[in-house]
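Some notes on the structure that comes next.
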Number of protein chains: 2
Amino acid sequence: MRISELSRRSGVSVTTIKYYLREGLLPPGRQTAATQAEYDEQHLRRLRLIRALTGVRGLSVSTTRDLLDALARHTGDTHRTLGLTLGAIRLADEPTAEAPEAGEVDALVKELGWEVHQSAPARAALAETLASLRSLGVPLDWHTLLPYGRLAERTALLDLDQLDGIEDPLEVAERALLLAVLLEPALLALRRMAQENESSRRHADGGPQPA
Amino acid sequence: MRISELSRRSGVSVTTIKYYLREGLLPPGRQTAATQAEYDEQHLRRLRLIRALTGVRGLSVSTTRDLLDALARHTGDTHRTLGLTLGAIRLADEPTAEAPEAGEVDALVKELGWEVHQSAPARAALAETLASLRSLGVPLDWHTLLPYGRLAERTALLDLDQLDGIEDPLEVAERALLLAVLLEPALLALRRMAQENESSRRHADGGPQPA
DNA sequence: TCCAGTTGGATACCTTCACTATCTATGTTA
DNA sequence: TAACATAGATAGTGAAGGTATCCAACTGGA
């Protein structure tokens, strides 16, 4: 198909598609002439993936590119892909020069018995949050996070269960990315609702009156 | 203290503080003369809160303002504050005209037995994620989300437990905000690490070699 | 009392991001 | 062959989040 059809079927404007091509988010089409190229279903799929990542999850274009690059590099390596592609995401982008809370994160990971790469960005993200909360006078130490860690463990079980039974390694990698990244806003939304529920339950007065 | 001291103690530049004052994130100081105002510890605390919300969590300035406004309006209402301030956050800002997946979210909430306000933004966020995953060919329905919902329930229990034993309603409100919002990146980080761990466990070859 | 330095307030400017518009040379299609 | 589509390049746009500069009013030390 040509670019206009790709645009029509994806709902993304031609100029934006050109922008994604320029930025390397979308691989170029097969050139058929100096001013003509042919796109296929893969491009359409990729385009939808890009829109989901940037739109739903709110990832920046450059983060999305990094993610897609990682995805392309590591296909055929099944589960391993997951950790690697995830490593490409950074929520906050400054490493802030190794927070002193890193030691606490080490302790937490050790206590949980997890095997997590030392350079995983998630470690820094966690340390940074601890540092922030502390500077705001919230005395949260790693012991408090332990039960959260146990729950995260069970969440991860559910996540990986979803990948079982898929044969094509390319598809495993893509689905892993989708579930890992796109499910995040959904899980946060669930947590919000659960909090609202639990809060009204404890307070026993708020919220819409029960039937 | 004057603005320069506020700047020095918070690590935020004077011009940026003025910007926050303009944008209404920070209440004005007590005017002592036409070109002089006095700031106190509350301002410093508020400034740190703003930096945590925008920096660590990546909230926009306008969302942060909405959140702080909600916080100020509802103090003295304890638990109720939590649901209300949380309602002020929106992850993705377009409601996208009621996704057809809204019915599924209703079913999920009903099955979980939760009491969640019908207009809670989390509902729309969840519906949008379902719609996106579906358009990408991931057949995720609300039954799949049920176990995630149960885990979210337990997370919410932990969240609200942290508010127990705090007397000052102002402090309860602020801590609720901090835990609800700032803990999010931490929980996502934990999930990432748990996934990496579980992935290497199942694959039994990746990751750094065990001792 | 003078005066360098600080402050509040206003306005203009800057940079990044994610697009969007326009242009040209080349193709395709009726 | 004329109308339209296309690739690729370059420039422009609007929002967000600050930053810089001015100015008049104030402060604190010599």
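Predicted model, so just to flag it, every value in this text is computed and none were measured. The chains referred to below are lettered A, B, ... by the order of the sequence lines, with proteins before strands, and numbering in each begins at 1.
Spacing between atom OH of B:Tyr39 and atom C1' of C:dG9 amounts to 10 Å, rounded to whole angstrom units. Summarising the geometry, the separation between NZ on A:Lys18 and P on C:dC23 is reported as 13 Å, rounded to the nearest angstrom. If you measure from atom CD of B:Gln31 to atom P of D:dA24, you get 18 Å, rounded to the nearest angstrom. Rounding to whole angstrom units, CD of residue A:Glu38 and P of C:dG27 are separated by 16 Å. The distance from atom CD of B:Glu5 to atom C1' of C:dT6 is 13 Å, rounded to the nearest whole Å. Put simply, OH on A:Tyr19 is 7 Å from C1' on C:dC17, counting in whole angstrom units. Between B:Glu23 atom CD and C:dG9 atom P the separation is 15 Å, expressed in whole Å. Spacing between atom CE of A:Met1 and atom P of D:dA7 amounts to 12 Å, rounded to whole angstrom units.
Among the protein residues, B:Thr32 comes within range of no part of the nucleic acid, since none of its heavy atoms lies under 4.0 Å from any strand. Across all strands shown, B:Thr15 has heavy atoms under 4.0 Å from base atoms, whether or not it also approaches the sugar-phosphate. Using a 4.0 Å heavy-atom criterion, one finds that A:Thr54 contacts no nucleic acid atom at all.
Salt bridge annotation for B:Glu23-B:Lys18: absent, with no cationic side-chain nitrogen under 4.0 angstrom from a carboxylate oxygen. A salt bridge does not link B:Asp40 with B:Arg30: none of the charged nitrogens is closer than 4.0 Å to a carboxylate oxygen.
Side-chain atoms of A:Trp114 and B:Glu198 include no donor-acceptor pair closer than 3.5 Å.
Counting only heavy atoms from C-beta on, A:Ala34 has its side chain closest to C:dT26 among C:dT26, D:dG18, D:dA7. Out of C:dG8, D:dT6, D:dT19, the shortest distance to the side chain of A:Arg2 is found at D:dT6. Of the candidates D:dC26, C:dT28, C:dG8, C:dT28 carries the atom nearest the A:Gln36 side chain, counting heavy atoms from C-beta on.
Using a 4.5 Å heavy-atom cutoff, the side chains of A:Leu6 and A:Arg2 are not in contact.
Put simply, A:Tyr20 has a side-chain N or O that comes within less than 4.0 Å of OP1 or OP2 on C:dC19. An OP1 or OP2 oxygen of C:dA18 is reached within less than 4.0 angstrom by no side-chain nitrogen or oxygen of A:Thr16. Contact annotation: B:Ser13 reaches the phosphate of D:dT19 (side-chain N/O to OP1 or OP2, under 4.0 Å).
Once rounded to the nearest 0.5 Å, the distance linking CZ of A:Arg46 with CG of B:Leu136 reads 12.0 Å.
Between the side chain of B:Arg22 and the base of D:dT19, a donor-acceptor pair under 3.5 Å is found.
Residue-to-nucleotide proximity on DNA chain D shows that, of B:Arg51 and A:Thr35, the 5′-proximal contact is made by A:Thr35.
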